[in-house]
Amino acid sequence: MTILQVACAIIIDHEKRVLVTQRSPIMKHPLKWEFPGGKIEPGENPQTCIIREIKEELTVDIELKSRLPSSIYHYSSFIVELIPFVAIIITGEIYLKEHAEYVWANPNELRDLDLTEADIPVLNFFLNDYYNFLN
Ligand SMILES: Nc1nc2c([nH]c(=O)n2[C@@H]2O[C@H](COP(=O)(O)OP(=O)(O)OP(=O)(O)O)[C@@H](O)[C@H]2O)c(=O)[nH]1
């Protein structure tokens with residue numbers, strides 16, 4: 001089985017809340033919550049991919065702060081390598097082009113969301129090893 005490489009963004013605001021998006025009913029994993037992002041295209045690097053995907057999906061420009069460890073997850077029909085970046089919004093207003101909903105969530109709210117499975121180790125790493133070091 002091939003591995004689908006997907007870049008995603010953990011976008012934080014000045015209150016240390018995190019932007020999470022809900023997949024629409026017509027997407028794979030309908031109505032699950034995720035970190036926005038998408039598939040890396042041939043010849044693209046993960047950094048370029050995530051900046052492009054966030055502009056396409058949310059209409060905002062982001063600046064990348066850190067890359068976190070990848071999460072590899074075996075779904076029934078494919079394997080995903082989820083490559084997370086911590087980022088901030090530098091310009092634009094959020095307008096959802098594909099997702100059903102978004103929220104700015106604090107750590108307790110993040111833990112309560114029905115996230116896609118590949119995102120759970122990403123969230124755990126972010127909250128356990130990264131979050132407390134944010135200013
Ligand atoms: N964007 C995003 N995708 C994720 C996350 N976690 C995760 O397993 N994925 C999976 O990685 C793939 C990302 O591709 P995509 O966002 O371009 O998804 P898509 O709906 O366009 O895919 P499709 O065109 O195959 O339906 C999806 O199959 C999605 O379920 C995540 O946090 N963010």
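When a ligand or atom number is given, it counts from 1 through the structure's own listing order.
Each of the following atoms of ligand 1 lies closer than 4.0 Å to a heavy atom of Y75: 7 (C), 8 (O). Close contacts of ligand 1 with G37, meaning ligand atoms under 4.0 Å from a residue heavy atom, involve 1 (N), 16 (O). For ligand 1 and H29, the ligand atoms under 4.0 Å from any heavy atom of the residue are 29 (C), 30 (O). Here is the list of ligand 1 atoms found below 4.0 Å of a heavy atom in F78: 28 (O). Close contacts of ligand 1 with A118, meaning ligand atoms under 4.0 Å from a residue heavy atom, involve 8 (O). Short contacts between ligand 1 and G38, defined as distances under 4.0 Å to a heavy atom of the residue, involve ligand atoms 1 (N), 16 (O), 17 (O).
Checking M27, R23, E56, K28 against atom 20 (O) of ligand 1, the nearest heavy atom belongs to R23.
Taking the six-membered ring for Trp and thresholds of 30 and 60 degrees, Y75 and H29 have ring planes inclined between 30 and 60 degrees apart.
When non-hydrogen atoms are compared, ligand 1 lies under 4.0 Å from the side chain of L82 (C-beta onward) but not from its backbone.
For a threshold of 3.5 Å applied to N or O pairs, the pair formed by E53 and ligand 1 contains no separation below that value.
Taking a 6.0 Å sphere around CD1 of I26, one finds it holds 12 or fewer heavy atoms contributed by other residues, nucleotides or ligands.
Among all protein heavy atoms, the one lying closest to atom 32 (O) of ligand 1 is D119 OD2, 2.3 Å. Atom 10 (C) of ligand 1 has as its closest protein heavy atom V80 CG2, 4.4 Å. Looking from atom 11 (O) of ligand 1 to the surrounding protein, the closest heavy atom is V6 CG2, 3.4 Å. What sits closest to atom 3 (N) of ligand 1 on the protein, heavy atoms only, is E34 OE1, 3.3 Å. Among all non-hydrogen protein atoms, the one lying nearest atom 33 (N) of ligand 1 is F35 O, 2.6 Å. Counting protein heavy atoms only, atom 24 (O) of ligand 1 is closest to K39 NZ, 3.2 Å.
In summary, E44 and R52 engage in a salt bridge, as defined by a charged side-chain N under 4.0 Å from a carboxylate O. Using a 4.0 Å cut-off between charged nitrogen and carboxylate oxygen, E109 and R17 do not count as a salt-bridge pair.
A cation-pi arrangement, defined by a distance under 6.0 Å to the six-membered ring centre and an angle within 45 degrees of its axis, is absent between K65 and F85.
For Y131 and F126, the ring centers sit closer than 6.0 Å to each other.
Rounded to the nearest 0.5 angstrom, S24 OG and L31 CG are separated by 7.5 Å.
No side-chain N or O of E34 forms a donor-acceptor pair with one of T116 less than 3.5 Å apart.
Hydrophobic clustering, with ILVMFWY side chains joined whenever heavy atoms are under 4.5 angstrom apart, keeps I83 apart from L115.
Checking side-chain atoms of D119 against main-chain N and O of F35 turns up a donor-acceptor pair under 3.5 Å.
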